[in-house]
Amino acid sequence: MLRVHSRFLIATAASLFVLAGAVGCGDGTGDPASSSSSTTGQSQMHSPTAAPPVPPSNDRVTVERVEYLEPGESDPAENWANLYLPTGDHADGSVPLVTIIHGGGWESRFGAEQFDEMARDLADRGLAVYNVEYRRYGTGGGWPTTFRDVARALDHVPALADAHPELSIDDELVIGHSAGAQLAVWGGTRHKLDDDEVGSKPAFVPSRVASISGPLDMRYAVDHGNGRVIKQILGGTPDQVPDHYESVDPIQNLDPALPVILFHGLADDDVDPENARRYATALRAAGGNPELNLFDGETHTSLVHRKSPAYWKIVERLEDVARARLEELRDQ
């Protein structure tokens with residue numbers, strides 16, 4: 001049966017921690033996009049001209065910049081990642097790699113640098129963390145560029161392992177928050193796409209994924225609080241561009257063999273918690289074994305904020321998932 005882990009149902013104040021990079025997919029004012037162009041209407045967003053500085057290293061964690069696209073095909077301000085490595089000597093293949101894909105409604109207002117805290121907290125526990133930036137609506141993204149960028153960032157993982165032999169990528173975990181959760185879960189099923197679909201024929205596929213506050217049923221989410229941003233990033237409604245939804249909507253791209261760990265706050269008024277319930281039910285019906293963790297009193301952003309007790313429970317569980325054998329996750 002569908003598993004809701006009661007040990008994670010914790011009562012906390014339903015305060016909204018406003019994190020620039022953790023704001024999610026909720027709709028603001030303005031008309032939804034009706035064009036599939038990746039540039040239509042993007043003048044309203046600010047497009048940076050350079051990537052932010054590399055976060056500082058310390059005695060526990062080293063941080064370096066990664067560029068996952070070739071110079072002629074990338075936007076240097078947007079197509080980069082920060083790689084967080086635990087300091088010290090490590091045997092080859094001994095450090096699990098975790099990828100973080102940030103959210104923010106697939107829009108340019110929020111970026112990967114906002115997940116520096118979570119990246120450091122995971123690296124402090126001995127994991128390597130690949131925190132990915134990508135082109136979003138307002139910085140040259142949209143359909144299909146945003147999805148192509150994330151696919152290419154994941155396909156760069158083997159190159160990371162070549163450069164850093166201590167990394168273990170056979171059991172890589174990809175984590176996403178909000179819109180990034182949609183990208184993360186989709187990224188775990190790209191091997192099931194048809195050859196002509198965006199992100200198909202992956203060079204690398206993670207063996208496990210985690211969604212934090214994700215809109216994993218995009219057709220449902222369009223009518224339940226996230227219509228503007230989803231229609232904006234996909235270029236229309238499910239009736240107008242059904243093939244776009246079919247290609248990237250996680251609930252339409254289920255892989256029963258993929259362990260999916262779901263975290264969602266029951267006080268989330270940005271992305272309806274029903275997204276997590278519906279996805280878990282669908283994956284279970286398809287033969288999968290999802291883990292659904294619901295947090296009483298937690299909001300969309302509090303789950304990724306250090307001030308929340310739920311945050312530390314999530315970080316602990318993410319470490320366990322990153323280190324677990326695949327068979328253990330499938331059987332839990």
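What you see below is based on every heavy atom in this structure, not just the backbone, and it leaves out hydrogens, waters and symmetry mates. Predicted model only: the values in this text are computed from it and were never measured.
- Taking 4.5 Å as the limit, some side-chain heavy atom of Arg306 sits within range of a side-chain heavy atom of Trp312.
- The cluster map of Ile, Leu, Val, Met, Phe, Trp and Tyr, joined by side-chain heavy atoms under 4.5 Å apart, puts Leu173 and Val205 in different clusters.
- The side-chain hydrogen bond (donor to acceptor under 3.5 Å, both in side chains) contacts involving residues 211-225 comprise Asp217-Arg278, Tyr220-Asp272, where partners must be two or more places apart or lie in separate chains.
- Within the 3.5 Å criterion, the main-chain N or O of Gly103 finds no donor-acceptor partner in the side chain of Ser178.
- Between the side chain of Thr87 and the main chain of Arg60, a donor-acceptor pair closer than 3.5 Å is present.
- Both cation-pi conditions hold for Arg65 and Trp80: the charged atom is under 6.0 angstrom from the six-membered ring centre and inside a 45 degree cone around its axis.
- Atoms CD1 and OG1, from Ile233 and Thr145 in turn, are 8.5 Å apart once rounded to the nearest 0.5 Å.
- Of the possible polar contacts, none joining the Gln332 side chain to the Leu329 backbone as a donor-acceptor pair under 3.5 Å is found.
- Cluster membership check: Val209 does not share its hydrophobic cluster with Leu326, using side-chain heavy-atom separations under 4.5 Å among Ile, Leu, Val, Met, Phe, Trp and Tyr.
- Comment: Lys313 does not engage Glu316 in a salt bridge, judged by the lack of any side-chain N to carboxylate O separation of less than 4.0 angstrom.
- Residue Phe295 holds its CZ atom at 8.5 Å from CD1 of Ile212, rounded to the nearest 0.5 Å.
- The minimum heavy-atom distance between Val321 and Ile261, with the atom names listed, is CG2-CG1, 3.9 Å.
- Side chain of Asp149 to backbone of Tyr134: no donor-acceptor contact under 3.5 angstrom is found.
- Proximity of Asn289 to Val260: side-chain heavy atoms (C-beta onward) are nowhere separated by under 4.5 Å.
- Atoms OG1 and CD, on Thr139 and Glu107 in that order, are 10.0 Å from each other to the nearest 0.5 Å.
- Considering only heavy atoms from C-beta on, Tyr245 comes within 4.5 Å of Ile230 through its side chain.
- Judged by distance alone, with hydrogens and angles left aside, the side-chain atoms of Arg330 form a donor-acceptor pair with the main-chain N or O of Ala257 at under 3.5 Å.
- Here the CG-CG distance, from Leu262 to Leu216, works out to 6.5 Å after rounding to the nearest 0.5 Å.
- With 3.5 Å as the limit, one finds no donor-acceptor pair spanning the side chains of His102 and Glu113.
- Electrostatic pairing of Glu78 and Arg135 does not count as a salt bridge here, judged by no charged N lying under 4.0 Å from a carboxylate O.
- Pro206 approaches Leu258 most closely through the heavy-atom pair O-CD1, 4.0 Å.
- Salt bridge present: Arg325 and Glu328 bring a charged side-chain N and a carboxylate O closer than 4.0 Å.
- At distances below 3.5 Å, not a single donor-acceptor pair connects side-chain atoms of Gln240 with backbone N or O atoms of Lys231.
- Rounding to the nearest 0.5 angstrom, the gap separating the CG atom in Leu318 from the CZ atom in Arg125 is 9.5 Å.
- Looking at Asn131 and Asp116, their side chains never bring a donor and an acceptor atom within 3.5 Å of each other.
- Under a 3.5 Å cut-off, the side chain of Ser94 and the backbone N or O of His90 do not form any donor-acceptor pair.
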(request) Evaluate the salt bridge (charged side-chain N to carboxylate O under 4.0 Å, His left out) criterion for residues Arg120 and Glu117: first the C-alpha distance (whole Å), next the side-chain angles of each, then the deciding distance (0.1 Å), finally the verdict. (result) CA-CA 5 Å; Arg120 289 183 184 278; Glu117 285 187 353; over 6 Å; no
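- Checked by atom type, the side-chain pair Asp121/Tyr311 shows a donor-acceptor distance below 3.5 Å.
- Using a 4.5 Å heavy-atom threshold, the side chains of Leu122 and Val315 count as touching.
- Residues Leu303 and Ala310 come closest through the heavy atom pair CD2-CB, 3.8 Å.
- Of the candidates Phe147, Trp143, Trp186, His244 forms a ring-ring contact (aromatic ring centres under 6.0 Å, His included) with just one, namely Trp143.
- Salt-bridge check for Glu291 with Arg317: passed, with a basic side-chain N closer than 4.0 Å to an acidic carboxylate O.
- You'll find the side chain of Asp268 stays beyond 4.5 Å of the side chain of Glu298, heavy atoms only.
- No side-chain donor from either of Glu172 and Ser207 sits under 3.5 Å from a side-chain acceptor of the other.
- Taking a 6.0 Å sphere around CD of Glu70, one finds it holds 12 or fewer heavy atoms contributed by other residues, nucleotides or ligands.
- The side-chain heavy atoms of Arg136 and Glu133, taken from C-beta on, include a pair separated by under 4.5 Å.
- Of the possible donor and acceptor atoms, one in the side chain of Asn253 sits under 3.5 Å from a partner among the backbone N and O of Asp249.
- Using the six-membered ring where Trp is involved, His156 and Tyr68 have ring planes that are tilted, between 30° and 60° apart.
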Could you list the donor-acceptor pairs under 3.5 angstrom formed by side chains in residues 158-171, with sequence neighbours left out?
| residue | atom | partner | partner atom | Å |
| --- | --- | --- | --- | --- |
| His164 | NE2 | Glu64 | OE2 | 2.8 |
| Asp171 | OD1 | Arg208 | NH2 | 3.2 |

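- Counting heavy atoms from C-beta on, the side chains of Thr99 and Ile175 never come closer than 4.5 Å.
- In this structure, a donor-acceptor pair under 3.5 Å is absent between the side chains of Ser74 and Glu67.
- A distance of 10.5 Å separates CG of Leu69 from CZ of Arg148, quoted to the nearest 0.5 Å.
- Residues Thr237 and Val222 are not in side-chain contact: their nearest non-hydrogen atoms beyond the backbone lie 4.5 Å or more apart.
- Judged by distance alone, the side chain of Ser302 and the main-chain N or O of Ser308 form no donor-acceptor pair under 3.5 Å.
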